[in-house]
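Scroll down for the structure; my scribbles are underneath it.
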Amino acid sequence: MSFSFKQSGLATCMNVTNSGFHKRLISTICSRSSFSPCLNLQNPERRNPSVSKPLHISSIEKINEKKTVFECKACEADKSQPIEVEVKSEAAKRLKIGIYFATWWALNVVFNIYNKKVLNAYPYPWLTSTLSLACGSLMMLISWATRIAETPKTDFEFWKTLFPVAVAHTIGHVAATVSMSKVAVSFTHIIKSGEPAFSVLVSRFLLGETFPPSVYLSLVPIIGGCALAAVTELNFNMTGFMGAMISNFAFVLRNIFSKKGMKGKSVSGMNYYACLSLLSLLILTPFAVAVEGPQMWAAGWQKALSEIGPQFVWWVAAQSIFYHLYNQVSYMSLDEISPLTFSVGNTMKRISVIVSSIIIFHTPVQPINALGAAIAILGTFLYSQAKA
């Protein structure tokens with residue numbers, strides 16, 4: 001029996017066919033981390049592989065059916081290359097992230113459309129916000145009870161750190177809904193694209209964080225674009241404008257509290273948002289009852305049903321379901337991507353919402369207004385790059 005050794009740059013797994021003798025041969029070879037220089041090679045004039053580094057068997061090929069002759073291929077460990085499985089795994093991960101992004105944007109567009117339809121016919125943003133949280137909470141409770149989703153393991157400390165996040169989330173959610181009830185969806189999202197400016201200002205003056213000059217410079221087009229869009233908005237409403245601004249501030253606080261309070265927690269993105277929805281629902285419900293009340297809700301419901309018909313019920317259900325789904329997918333995507341990628345994705349999401357809402361609701365837009373929106377969104381993109 002003789003062996004010929006070949007150094008290869010590609011480390012692949014061993015492929016052995018029939019007979020127990022082959023297996024014993026491989027066991028003998030693989031039990032050593034390196035080949036001894038005293039091996040009797042068939043062709044001594046060939047250059048021996050390095051004996052200072054471990055050699056890995058890549059394959060054993062049977063040369064002749066009649067003779068017990070094998071050809072062993074080996075390579076040095078530090079010259080090995082990633083196997084094909086890793087390449088396929090990376091491609092599968094990118095595909096998964098792409099599906100997350102496409103689903104996230106699509107669900108968000110659908111939510112904003114149905115949410116605006118509901119608010120046009122039923123102008124009670126506090127109840128609408130409550131129904132969105134209630135629907136998502138119910139969906140997750142059923143998922144946990146039926147074991148469709150894994151029940152999160154939480155303790156008192158978890159809910160304690162989640163509470164300020166839930167307060168900020170509740171304020172931001174209600175403020176955004178109030179804004180959409182007063183102004184066009186596109187205008188609300190143009191103003192909400194200024195959220196990075198609030199993030200920098202809050203981090204600088206409340207937390208004492210400093211940023212490179214490029215970050216501060218990126219705020220100029222954000223603030224300027226939002227201001228230009230607001231001044232030239234045909235259907236400007238101060239309540240709608242302030243609602244979007246308050247929403248920006250609240251969501252910045254939510255992100256800060258979330259980063260500080262959830263370090264070291266093992267709750268997945270999907271379950272984290274589910275817990276956030278449950279706690280926000282408990283916080284929001286008494287305030288919604290106090291601000292609007294069951295009597296106003298009942299009267300408005302009857303009026304909406306008489307004007308719209310039974311499909312109004314579907315509108316309410318759709319905006320509630322899609323609100324939870326798009327937020328859930330966005331939190332799930334955070335488990336797979338970096339904050340920078342998420343920020344870019346969020347910017348692209350706003351563009352899709354603004355464009356689709358203008359087309360569907362036939363929102364009148366002046367060229368100068370569109371220019372302001374484009375400048376603000378461009379500034380948001382530059383901010384995400386500078387922040388990296």
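With hydrogens and angles ignored, the 3.5 Å screen pairs a side-chain donor or acceptor of N327 with a backbone N or O of Y323. Formation of a donor-acceptor pair under 3.5 Å by the N108 side chain with backbone atoms of V353 is not found in this model. Between the side chain of E292 and the backbone N or O of L127, at least one donor-acceptor pair lies under 3.5 Å. A distance-only check finds a donor-acceptor pair linking the side chain of S247 to the backbone of G172 [under 3.5 Å]. Side chain of T151 to main chain of R147: no donor-acceptor pair is present (N/O by atom type, distance under 3.5 Å, no hydrogens or angles). Side-chain N or O atoms of Y383 include none that pairs as donor or acceptor with a backbone N or O of A197 at under 3.5 Å. Distance alone, capped at 3.5 Å, places no donor-acceptor pair between the S280 side chain and the S277 backbone. Within the 3.5 Å criterion, the main-chain N or O of F381 finds a donor-acceptor partner in the side chain of S384. Listed for the T285 side chain is no donor-acceptor partner under 3.5 Å among the backbone atoms of L282.
Under the 4.5 Å side-chain heavy-atom criterion for Ile, Leu, Val, Met, Phe, Trp and Tyr, M180 and V174 are members of distinct hydrophobic clusters. Cluster membership check: F257 does not share its hydrophobic cluster with F156, using side-chain heavy-atom separations under 4.5 Å among Ile, Leu, Val, Met, Phe, Trp and Tyr. By the rule that hydrophobic residues join a cluster once side-chain heavy atoms approach within less than 4.5 Å of another member, V289 and M296 end up as members of one cluster. When hydrophobic clusters are built by joining Ile, Leu, Val, Met, Phe, Trp and Tyr residues whose side-chain heavy atoms come closer than 4.5 Å, directly or via intermediates, L253 is grouped together with L284. Both V313 and V118 are part of a single hydrophobic cluster, where members link through side-chain heavy atoms under 4.5 Å apart.
Between N235 and F187, the closest side-chain pair of non-hydrogen atoms is not below 4.5 Å. When side chains are defined from C-beta on, T154 counts as touching W159, because their heavy atoms get closer than 4.5 Å. Side-chain contact between L162 and Y272: present, with at least one pair of heavy atoms (C-beta onward) separated by less than 4.5 Å. Side-chain contact between E150 and M270 is absent, with no heavy atoms from C-beta onward closer than 4.5 Å. With contacts defined as side-chain heavy-atom distances shorter than 4.5 Å, the pair N255/S199 does not qualify. Side-chain contact between F163 and I283: present, with at least one pair of heavy atoms (C-beta onward) separated by less than 4.5 Å. Looking at V291 and Y124, their side chains never come closer than 4.5 Å, going by heavy atoms from C-beta outward. P152 has its side chain within reach of C275: a pair of non-hydrogen atoms, C-beta onward, lies under 4.5 Å apart.
The distance from atom OG1 of T232 to atom CG of L371, rounded to the nearest 0.5 Å, is 8.5 Å. Atoms CG and OG1, from N115 and T188 in turn, are 9.5 Å apart once rounded to the nearest 0.5 Å. Separating the CD atom in E233 from the CD atom in Q366 is a distance of 8.5 Å, to the nearest 0.5 Å. Here the straight-line distance linking atom OG of S143 with atom CG of L138 works out to 9.0 Å at 0.5 Å rounding. Rounded to the nearest 0.5 angstrom, I113 CD1 and K117 NZ are separated by 7.5 Å. To the nearest 0.5 Å, atoms CZ (R254) and CZ (F249) are separated by 14.0 Å.
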Practice task
Decide side-chain contact (heavy atoms from CB on, under 4.5 Å) for Q328 and M139; before the verdict, give the C-alpha distance in whole Å, the side-chain angles of both, and the deciding distance to 0.1 Å.
Solution key: CA-CA 11 Å; Q328 189 177 78; M139 290 169 62; over 6 Å; no
Handout entry: Derivation and outcome, side-chain contact (heavy atoms from CB on, under 4.5 Å), residues M242 and V178
Key = CA-CA 9 Å; M242 292 304 300; V178 169; over 6 Å; no
Exercise for the section: Could you go through the side-chain contact (heavy atoms from CB on, under 4.5 Å) check for L278 and L141 one step at a time? Expected result: CA-CA 9 Å; L278 284 166; L141 288 174; 4.2 Å; yes
Problem - N112 vs K116, side-chain contact (heavy atoms from CB on, under 4.5 Å): CA-CA, chis, key distance, verdict - result: CA-CA 6 Å; N112 278 278; K116 184 59 177 176; over 6 Å; no
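Within 6.0 Å of CZ on F211 lie more than 12 heavy atoms contributed by other residues, nucleotides or ligands. For K182, the NZ atom is loosely surrounded, since the number of other residues' heavy atoms within 6.0 Å does not exceed 12. Surrounding CD of Q295 are at most 12 heavy atoms belonging to other residues, nucleotides or ligands under 6.0 Å away.
Looking at T177 and S129, their side chains do bring a donor and an acceptor atom within 3.5 Å of each other. With no hydrogens or angles considered, no side-chain donor-acceptor pair links S193 and T380 at under 3.5 Å. At a cut-off of 3.5 Å, with distance as the only test, a side-chain donor of W314 or Y114 sits close to an acceptor on the other residue.
Residues T363 and A184 come closest through the heavy atom pair CG2-CB, 3.9 Å. When all heavy atoms are compared, the tightest approach of I246 to I171 is CG2-CG2, 4.0 Å. When every heavy atom of A304 is checked against every heavy atom of A121, the shortest pair comes out as CB-O, 3.8 Å. Across all their heavy atoms, I321 and C135 have their closest contact at CG1-SG, 3.5 Å. For the residue pair F111 and Y326, the shortest heavy atom distance occurs at CD2-CE2, 3.7 Å. For G243 against A175, the heavy-atom pair with the smallest separation is O-CB, 3.3 Å.
Aromatic ring orientation, Y273 versus H324: tilted (interplanar angle from 30° to 60°). Under the 30°/60° scheme for interplanar angles, the aromatic rings of H169 and F251 are found to be tilted.
The aromatic ring centres of F101 and W105 sit less than 6.0 Å apart. For W301 and F312, the ring centers sit closer than 6.0 Å to each other.
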